[in-house]
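Below you'll find the structure, written out as structure tokens, and then a few comments.
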Amino acid sequence: MYLSRIELQGFKTFAAKTTLAFLPKKAMGHSPITAIVGPNGSGKSNLADAIRWAMGEQSLKLLRGKESTDIIFSGSAQKGRGGFAEVSLTFDNSDGAFPLETPEVSVTRRLYRDGESAYLLNNTPARLADIQLLLAESGVGQRSYSVIGQGMVDAILIASPEERKQFFDDATGVRPLQMKRHQAMLKLRHTYENLAETEMIMAEIEPRLRLLRRQRRRLDERAEVEQELIRVRENYLGGLWRELTAEWEVAKKDLDAAEKFAARLRQDVATLETSLSSLEKPGKAPDGLAELQRAYKDAQTLVQKAREERYRLEKEIELARVRAQASWAPLPLADILGELEEISKKFEKDLKSLKGLKSLEELKLLLPDIEKLHGQSEKLRKRLTRPAPEDVEVDKELAGKLTQTKKSIEEAEHERKRTEAALDAYASRAADERQALFAGERQLRETQHALHEAEAKEHEREIHVARLEERRVGARQEAEGELHDAAEAFLGRRDLPHNTSAEREKLRAELERLKYKLELIGGIDPETVAEFEQTEARFNHLEEQIKDLRAAMRDTEHVVDELDEKIHKQSEAAFRDINAHFQTYFKVLFGGGTCSLVKMTREEIAPTGSEHPEAEAHEGDVDASLAKMDSPALKELQARVKERADRTVGIDIHATPPGKKLKALALLSGGERALTSIALLAAIMATNPAPFVVLDEVDAALDEANTLRFAAILEELAKKTQYIVVTHNRATMEKADVLYGVTMNEDGVSQLLSVDLSDIAPTSATRR
């Protein structure tokens, strides 16, 4: 690979389109040397600047300008200024040095006066980074020794050790590897940043996920409790409704039978009363008999009314008890906990007082509080226990009326028995003709007694049926409260469960326990399940991302380790060769003396106090960025980056010309510094030959004898490298294969004249 031609247009003084063509390597049998000559100010160095600019140089200082538009032809008195600058470098790629399947590779950079710029690779737009990497992989770069500009020959000596280290990285050929390593480290940094961000997001999500997971478990537990509650509730309500319905049907049949029996007795009483009426003859009744009969009927009527009132009151009281028992509900959990807390505090207080008792008198004073605490506990126990119907406290007004009614019944019964006894006594004294009448009245009284008993039984069964009906109403209401709209369909089922009263009491207790448990679990928004699923899916996705990131980090770190190993091996071998060649060329140029290249560590450079932002251009960027992050994982990466960092951060040069004891470069004369720089450049070029090298007046400070030595070295190095030399020295020109002369007309535009020295006769004053 070699530089076959340069095309310029509008670049500095080359306003018109100008082409420099270089001899092919095959035609010469060796790499050609092209010399560019001309008077001062004609624009020779602009050619070196053009090559450097086309390869992506961004430093205006190195391009000898202050603004980016300074490289565009600024015009003259006879010619207007240019609107753009364009430089194209065309390389021969017949050997495949560039990883492109084209025989030639063209790199073009274009800049317009409005600031718009473009990079082209084979006339196709490309990124600067891609072009720089492509050039670096082929051994060419704008910051390497491929272009040694005017005054730069001494720059390597006055540069800091850190800056000199970068130059040597170019020289050892590890720059492409370092660029790949830098990209890998940037990727590693971005990966760790993503990891830290992902871990931060997970740290924010995880507490919420734990809460949602607990709520989900509670929701699952609630679902289980609800299912169990449904089962227990159906068994309880179904068994209760089935038993109450069966009892109600039996009681209804018994009531119907009692009503029919009472109705038959009433018919018998009516028949007997009619018979007695026919037996009584018209005329005056026996003395006192009518009054006794009237008194007996009045007493009988009072007894009947009092009994009916008693039946009514008993029925009302019984129904009140059933309603109270059916409507009983346990205390709310919050009230239970509040009362228990109050009882517990009082108990602790009384217990503390008991422990501190010193006399029996103090115990007597404490007894009322203990009894009060016991009463409060017993009251709470009763409120928590489902009462039986007979345990329900009866309304005092109804109880008083019932007591008064029973007393009235006793008085009316007493009066009825008295009049009945009087009638029996009167009947025994009556004449025989009245026996049939009295016998009928006796039968009537007996039938009335039987009717009273039948009516009493009828009323008892009415109360029983009413109580069952009320309990069924309560059971239906309870079912409606538990099952809501499904209650009617449930109660109408034929497959209702069957259980005993004892079993239902256990089911009732279990039902209340499950309700309390649901109350403890509390209500949970159904949206919690959807939020939990979304949060869990996101958390799992982040976990997978973290696994992928960690795998990517391991792979990237493995690549970095491999690059580090390659860089270390290649740089160490090249450094030894450069050091050996440096000593050789130093002795050739100086005719003796000693020199060496010395690696410097960070600790050795730090005391000098020099600070250079490019000292750690690759690892430093990553390390500085990571230092701002507060993460254990990133601190771990920072430690590993430091472990991987090259301990050699600078290069020092020791040079001692023959007959002197100097080692510091600052003590060398200008000529000695130039010779040292040329010796170092020659050593680098001999160790790692670049495809082409541009030397811009590097021999300007040399005397004639040293110029001859430099020309000899240049001729030797040209066996492997194409050289483009801007020079004024005749000895250097004699070694050239092609001479380009640069002139400038009155319009301020540089022009080229070329001479192929291979066409000149060997007898000529110049070479060839």
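Nothing fancy with the numbering, it's 1 onward along the sequence. None of these values were measured; they are calculated from a predicted model. We use all heavy atoms of the structure for the numbers below, so side chains are in, but hydrogens, waters and symmetry mates are not.
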Margin query: Checking R576 against N579 for the side chain to side chain donor-acceptor pair (under 3.5 Å) test, could you report, in this order, the C-alpha distance in whole Å, the side-chain angles of both residues, the deciding distance, and whether it holds?
Written below: CA-CA 5 Å; R576 287 193 299 270; N579 200 8; over 6 Å; no

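- With hydrogens and angles ignored, the 3.5 Å screen pairs no side-chain donor or acceptor of N93 with any backbone N or O of P103.
- With hydrogens and angles left out, the side-chain atoms of S669 and E672 include a donor and acceptor closer than 3.5 Å.
- Evaluation of the salt bridge (charged side-chain N to carboxylate O under 4.0 Å, His left out) rule for D699 yields no partner, not counting sequence neighbours.
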Check: Where do L681 and I148 land on the side chain to side chain contact (heavy atoms under 4.5 Å, CB included) test, with the steps shown first?
Finding: CA-CA 9 Å; L681 289 173; I148 305 299; 4.0 Å; yes

Check: Between E557 and L188, does a side chain to side chain contact (heavy atoms under 4.5 Å, CB included) hold up when you go through it step by step?
Finding: CA-CA 7 Å; E557 288 177 351; L188 193 61; 3.9 Å; yes

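- Other residues, nucleotides and ligands contribute at most 12 non-hydrogen atoms within 6.0 Å of the CZ atom of R730.
- Between the side chain of N706 and the backbone N or O of L702 there is no donor-acceptor pair closer than 3.5 Å.
- Residues passing the side-chain hydrogen bond (donor to acceptor under 3.5 Å, both in side chains) test with K599 are E572, sequence neighbours excluded.
- N194 is linked by a side-chain hydrogen bond (donor to acceptor under 3.5 Å, both in side chains) to nothing, counting only residues two or more places apart in sequence or in another chain.
- Within the 3.5 Å criterion, the main-chain N or O of G82 finds a donor-acceptor partner in the side chain of R113.
- Residue pairs satisfying the salt bridge (charged side-chain N to carboxylate O under 4.0 Å, His left out) criterion with at least one member in residues 122-136, sequence neighbours excluded, are listed as follows: R127-D130.
- A donor-acceptor contact closer than 3.5 angstrom is absent between the side chains of N122 and S106.
- A salt bridge does not link K566 with E562: none of the charged nitrogens is closer than 4.0 Å to a carboxylate oxygen.
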Validation: residues 580-592 side-chain donor-acceptor distances under 3.5 Å, sequence neighbours left out:
unit_1 : atom_1 : unit_2 : atom_2 : d
H581   : ND1    : D577   : O      : 2.9
H581   : ND1    : T687   : OG1    : 3.4
Q583   : NE2    : C595   : O      : 3.3
T584   : OG1    : A580   : O      : 3.1

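- The backbone N or O of I567 sits less than 3.5 Å from a side-chain atom of S571, completing a donor-acceptor pair.
- Pairs engaging residues 65-96 under the ring-ring contact (aromatic ring centres under 6.0 Å, His included) rule: F84-Y112, F91-F98, F91-F692 [sequence neighbours left out].
- The ring pair (Phe, Tyr, Trp, His ring centres under 6.0 Å) search around F575 returns none, not counting sequence neighbours.
- For residues 83-105, every residue pair satisfying the salt bridge (charged side-chain N to carboxylate O under 4.0 Å, His left out) rule, not counting sequence neighbours, is listed here: R5-E104, E86-R110.
- The two residues P99 and L134 come nearest to each other via the heavy atoms CD-CD1, 3.4 Å.
- Residue pairs satisfying the ring-ring contact (aromatic ring centres under 6.0 Å, His included) criterion with at least one member in residues 33-63, sequence neighbours excluded, are listed as follows: F11-W53.
- Annotation: Q78, atom CD; neighbour count of heavy atoms from other residues, nucleotides and ligands within 6.0 Å is above 12.
- Every residue was checked against the salt bridge (charged side-chain N to carboxylate O under 4.0 Å, His left out) condition with K187, not counting sequence neighbours, and none meets it.
- The side-chain hydrogen bond (donor to acceptor under 3.5 Å, both in side chains) search around Q9 returns none, not counting sequence neighbours.
- Within the 4.5 Å cutoff, no side-chain heavy atoms of I71 are placed close to those of D49.
- Taking the side chain as every heavy atom from C-beta outward, H728 and N40 approach each other to under 4.5 Å.
- In terms of heavy-atom proximity, L695 sits nearest to M685 at CD2-CE, 3.9 Å.
- Scanning for side-chain hydrogen bond (donor to acceptor under 3.5 Å, both in side chains) contacts around S74 gives an empty result, with sequence neighbours left out.
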